[in-house]
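Here the structure is a predicted model, which means the values were calculated and not measured.
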Amino acid sequence: MARYAFKDVDRKWQQIWADRGSFRVAEDAARPKYYVLEMFPYPSGRLHVGHARNYTIGDVLARYKRAKGFNVLHPMGWDAFGLPAENAAMANKVHPAVWTEENIRVMGEQLRLLGLSYDWGREIATCRPDYYRHEQKMFLDFLKAGLAYRRESWVNWDPVDHTVLANEQVIDGRGWRTGAVVERRKLTQWFLRITAFADELLAAIETLDEWPDRVRLMQENWIGKSVGATMLFDLVGRDDRLEVFTTRPDTIFGASFCALAADHPLVLSAAEGDAGLAAFIAECRALGTSEAAIETAEKRGYDTGLRARHPFLPDVELPVYAANFVLMDYGTGAIFGCPAHDQRDLDFARKYSLAVIPVLWPQTHRCYSDAEAADLPESLRAAFDGDPVQTAADGATVFHVGTTAYSDTGLAAYRYNLGHLTDKPVLSVAEAKAIAIAALEKADAGTGAVTFRLRDWGVSRQRYWGCPIPVVYRVSDGVMVPVPEDQLPVALPDDVEFDKPGNPLDRHPTWKHTTCPETGEPALRETDTFDTFVESSWYFLRFCSPDSDVPFDEAATGYWMPVDQYIGGIEHAVLHLLYSRFFTRALKACGYRVADEPFARLMTQGMVVHETLQTAGGDWVYPEETGERDGALVRLADGAPVTRGRLEKMSKSKKNVVGLEAMVDGYGADTVRLLLLSDSPPERDLEWTEAGIEGAWRYANRLFRLITEPAVDLPPPGTPLPDGLSAAAQSLRALAHKTVAAVDADFAGFRFNRAIARLRELTTGVAEFAPQGPADGWALREASEALVRLVGPMMPHLCEELWQHLGHADTLLLDAPWPEVDLALLAEDTVTVAVQVNGKLRATLTLPRDVDKAVAEEQALAEDNVVRAMAGKPPRKVIVVPNRIVNVVV
RNA sequence: GCCCCAGUGGCGGAAUGGUAGACGCGACAGACUCAAAAUCUGUUGUCCGCGAGGGCGUGCUGGUUCGAGUCCGGCCUGGGGCACCA
C-alpha cells in the first residue's frame, strides 16, 4: 500500500518555495493587493498545535487570494516584550533577551515546519532597538500633540517584594510570590489620551461591518458612553459642593443617600478624624485594582458623617457614604443613590436601612410606600421581592419595591409630577431626564453631561523587559525633558540583575544617570517601560516597510493598508484592537498619513482545547506520567488515581499541551493543517484528539493514492474538451464544478470545515468514477486537477507534489489560477421536492426544475402516503414553494 | 456584580424559516490476510413494527408561522472578558 512520504515531500517543497523566493512580495500598482495578518505571537517557548490554528487559517486565505490573482502580503513577527521573560529570568537566571531570542529562534523553526507562506524578509521582533526606537519617536510626537501625559494612578502593590503586580499576579487578593495581602498604591504614571477619541472610536464602529457583531458590541460597551447629568450637592456646614454623575437625573426625587469612592478626596479628608473610616478605606484598597474584584465583593459602605443637601428639597439632607462599589475612575467618583430604581443602590439601602422612595412606576398601577406595604398580606409582600408589579387580592394592580428595583424605562407615572417640575403626570423616562436637567441648570445645581466608561490608557510599567519611555527628569528642578529624536533609541542596558524584586532599571548602578539634553545638568532617566500593547498597536504598519528609517514608509502603507483580513483570538476583542484603532488616529493627529481604521475585516478564531488529566488532589498530570494499573488510570510515580478532566485551552500549567513539532514529525504538516481546519468552524473551539489526527492522516493518504493511481490514463494537461463524454463523465464534471463554486463561497465565509466536507465528497466522486470510454479520461483529469487545486491552500506540500504528478512539471500549484466554474454545469434538470401534510414530511417527489405550481400540487396530492395522511379530509390550503416543498394543510 | 458567547446522535459538527443529522470520528458486521496492521464494502438518532410504515427527537418553556434547530419572550446549564497576562 503506497503511503505518502510526507517528510520528503514537506522538505522538498519548502526548499523549492524558499529557493524561488515565492513568498517575497513588493508593492505592485498593477495588481490588487491583499494584506492577510495573523496576530503575532508572544515568543513564550515552544509552539503547540493551538498556536498553529491561527497561522493555518491565515495561510489558507493567503494562498487562496494569491490563486485569485491578488498581490498578497503575509508577514510574521514577534510580540517579544513581556512579563514571562522576566519571570524566566528570575526563575532560571537567564537574561530576558537571551531567553526571548532563543524562543524566537525555536518557534521560527517550528513555524517553518508548517510551510506557511510568510515573507520572512519582513520578520520583526518588537524587543529589538530597530523596532522600538520608532515607537519612542512616535511617543515624542504624542507628547508634543498633548496625547501623552503624566498623572497619579493606582497599582497593585506587593508590600513584601516592594513591587507592582499585574492583576494576573494577584491571587485571591495576595501576591503570587510572597502571599502578602496586596494593597492599592498610587504612582505617577504615563497615559495616552485615548479618551480624546472616545466619540470617534465609538461612532466608527458602525463602519466596521466586516467585524463580528460581538466584537463590535464589546468595543461599544467598553467605550461605554453614558448620557446623563452631573449634579452639585451643597454639603451641610461646608463651603464646597459634592459633584456626582448620574444617568438617571429623573430619579433625583428618590435619592436617599450619596456614595463616594473610598479614594474620593472628601472621603480621604474625612478619614483624618475618623479611624474607622480610615480602616474602611484600607479594606477597599486591599480589593486590588481589577473591576471584577471590586464589583463582586459584597457591597459595603461607611457613613462619613457628611450630609448633602437635596438640590430641589432644601429640607432633605442625604447621608454621604464611602462605598466599595463606587469607582474613582468613572464619572466623578461619586453617585447619588436612588434605591427604588437601581438594584445595587437598593441592596445597599436595605443593608443600611435607608429610605426606598419610588418616583416612577407603570402608569396604571397604584404605588405603595414601605409603610403601606407593611400592612399587606405576607404572600403579596413576598411577591414584591421578585417583581415590583403584582395583582392584589381585589384584582387591583399595585406597585411596591421590595428587594427588586424597578429600572424599566418607558412611559411612567412620576411621583409629584417630578417634584412639580412639570405639569404632566405621565412622562417617558427620556422626557423626564430632559426636564430634570433643565431644572438643574436653572437652579445652578448641575448640567447635562456625557461620561465614558473608557479611561485613558495607562502605559507605564515598572519592569525591565519593555520599551524604555524616552524622557529624563532634571535633578535640580525635577522638570521632565523629552529625549531628542537624534538620541534615540534609548536602549535597555544588558547588564541587569533579577536576584532582587523590583524594577532592575531603577536599581541599575549607572543607566538612569544621564544629563539633561537642554542644559547638560544631571538628570535621571524615566525607568518605567511601556505596556507591551504599545508595540502591538502599530506593528501592522511596520510590516509594510520593515527596514524603513522612519516608523513606516507612507508609500508602502498607502499601498498595503488597511489590513484586509486580520485573524486572532477573541481575547483581543477589546484592548489590542481598540488600542490599534486609537493609534492610527493619534498618528494622524500628529501628521502621519494613515487610514483611520487599521483592520478592514476581522475574524476571531476559537481556542484549541485538549483533554486534561488530574489526580483527586487536583494535580495536573502529563499523559506520559500515567499508566494503567488494575484497569484504572494512575500516576506512575505514586499510584495515585488519575481522572480525565474537562477540556481546557492548551497550557503548560494544565499539562495538556500537544507539541507541534511531534505532530508534524509524526504525520506531516499537511495532516496537522487539515485537522486544524476540518474539525470545527474557525470561530468555535476545536478539540485536539488522537482520532482526529488519524482521520486526517487517512485522508492525506487516500488523496495521494487517488491522484497517483488514476483509474485510466489521463490526457496531457491542456487538452481541449473532447466529444463523446459518457453520462458518468458528465456527472463527474457537474460534481467538480459544483464543488468549485461551493468551496469558493466557503472560503470567502471562513467555512473551512464545510469546504473540506465538500472536498471529501468530490474525492469520493473521483474515486468511484468508472470511465466508460476513451474520452472520459478528460473528465477525470478535470476533476482531479480541481480537487488538487482546491485542497492546495489547506495541504500545500502534498498538493504541489500531486500537481507535479498530474504533469505540471514547470509551474507550481502555488501560482496556478483558481478553477473557473462553468455555470451551465451547475443547473440540474430535476429537483427533489418534499411533501408535507400539516408540516410533517410524508413523501418526496422528483420533479422537473421550475415545474408549474399546479403540477407540483397535483402530483403531491396523488401520493399514496399523502392521501393516507390526509385521512379523507379535503385540503384546506396547499402551499407550494417551487423546487423545495409542498405543504398540504387539512 | 456587569458585559458577551454557546447548547443538535456515542463524539466533532452540517442545515438562505422549507426533507434535521451533510462530512468526519467512533462502534458493529463483512471482504482481503496464516494472523495482525493497513485498505475496501455495508449498517449506525431513538422507540414500535416481519414489513409497508408510524411515534418521538436540536438544553427547558411559552409564542409567531402553512411550516421553527433557525425568529420573538421567559428560564436553565456551560464557557469567555472586565483595563498591569499576551
Pairwise [atom1] distance, [M] and [N] [rounded to whole Å]:
N: B:G80; M: B:G30; atom1: P; result: 45 Å
N: B:G54; M: B:C3; atom1: P; result: 48 Å
N: B:G81; M: B:G21; atom1: P; result: 37 Å
N: B:C11; M: B:A86; atom1: P; result: 39 Å
N: B:G67; M: B:G26; atom1: C1'; result: 35 Å
N: B:C71; M: B:U64; atom1: C1'; result: 8 Å

By the 4.0 Å heavy-atom rule, please label [X] as base, sugar-phosphate, or nothing.
X: A:Val889; value: sugar-phosphate
X: A:His572; value: base
X: A:Ser44; value: nothing
X: A:Asn887; value: base
X: A:Tyr699; value: nothing
X: A:Gln169; value: nothing
X: A:Glu571; value: base
X: A:Asp685; value: sugar-phosphate
X: A:Arg754; value: base
X: A:Leu454; value: base
X: A:Gly692; value: nothing
X: A:Gln836; value: base
X: A:Ile879; value: base
X: A:Thr296; value: base

Rounded to the nearest Å, what distance is computed from the [atom1] atom of residue [X] to the [atom2] atom of nucleotide [N]?
X: A:Glu687; N: B:C25; atom1: CD; atom2: P; value: 15 Å
X: A:Arg214; N: B:C4; atom1: CZ; atom2: P; value: 12 Å
X: A:Asp679; N: B:A14; atom1: CG; atom2: P; value: 11 Å

From the set [options], return the single nucleotide nearest to any side-chain atom of [X].
X: A:Arg684; options: B:A6, B:U19, B:C4; answer: B:A6
X: A:Ala292; options: B:C82, B:C5, B:A15; answer: B:C82
X: A:Lys299; options: B:C82, B:G18, B:G1; answer: B:G1
X: A:Pro681; options: B:G12, B:A14, B:G18; answer: B:A14
X: A:Leu575; options: B:C4, B:A83, B:G1; answer: B:A83
X: A:Ala166; options: B:C84, B:A20, B:C5; answer: B:C84
X: A:Arg705; options: B:U39, B:G1, B:C4; answer: B:U39
X: A:Trp222; options: B:A83, B:G26, B:G18; answer: B:A83
X: A:Lys840; options: B:U19, B:C4, B:G55; answer: B:G55
X: A:Met218; options: B:C84, B:U19, B:C4; answer: B:C4

Would you compute the distance between atom OG1 of A:Thr764 and atom CZ of A:Phe769 and round it to the nearest 0.5 angstrom? 15.0 Å

[X] side chain near [N] phosphate (N/O to OP1/OP2, under 4.0 Å):
X: A:Arg461; N: B:C84; answer: yes
X: A:Asn753; N: B:A14; answer: yes
X: A:Ser680; N: B:G13; answer: yes
X: A:Arg698; N: B:C25; answer: yes
X: A:Asn865; N: B:G54; answer: yes

Going by purine N1 to pyrimidine N3 plus the second Watson-Crick contact, or the G-U wobble pair, all under 3.5 Å, which nucleotide sits opposite [N]?
N: B:G42; value: B:C28
N: B:A37; value: none
N: B:U58; value: none
N: B:G78; value: B:C5
N: B:A52; value: none
N: B:A86; value: none
N: B:G12; value: B:C23
N: B:U70; value: none

Between the base of [N] and the side chain of [X], is there any donor-acceptor pair under 3.5 Å?
X: A:Asn221; N: B:C3; answer: no
X: A:Arg842; N: B:U19; answer: no
X: A:Arg758; N: B:C23; answer: no
X: A:Gln189; N: B:C84; answer: yes

Taking the side chain as every heavy atom from C-beta outward, state whether A:Pro41 and A:Tyr55 have any pair of such atoms under 4.5 Å apart. yes

Side-chain contact test, heavy atoms from C-beta onward, threshold under 4.5 Å: evaluate it for A:Tyr330 versus A:Phe245 and give yes or no. yes

Closest non-hydrogen atoms of A:Pro43 and A:Thr100, given as atom of the first, atom of the second and distance, are CG-CG2, 3.9 Å

For residues A:Thr188 and A:Asp528, report the shortest heavy-atom separation together with the two atoms involved. O-OD2, 4.3 Å

RNA chain B: 5'-proximal contact among A:Ala696 and A:Arg884 (nearest heavy atom): A:Arg884

Given that A:Asp456 and A:Gly839 both sit by RNA chain B, which one's nearest nucleotide is further toward the 5' end? A:Gly839

Charged N-O contact under 4.0 Å between A:Arg151 and A:Asp456: no

Charged N to carboxylate O below 4.0 Å: is that the case for A:Asp531 and A:Arg461? yes

Is it true that the NZ or CZ of A:Arg184 lies under 6.0 Å from the centre of A:Trp157's six-membered ring and within 45 degrees of the ring axis? no

Does NZ in A:Lys873 sit with more than 12 non-hydrogen atoms of other residues, nucleotides or ligands closer than 6.0 Å? no

Distance-only check: which donor-acceptor pairs under 3.5 Å involve side-chain atoms of residues 880-890 of chain A, not counting sequence neighbours?
| from | atom 1 | to | atom 2 | distance (Å) |
| --- | --- | --- | --- | --- |
| A:Asn883 | OD1 | A:Asp850 | N | 2.8 |
| A:Asn883 | ND2 | A:Asp850 | OD1 | 2.8 |
| A:Asn887 | OD1 | A:Gly839 | N | 3.1 |

Conformer about C1'-N of B:G9 - syn within 90° of 0, anti elsewhere: syn

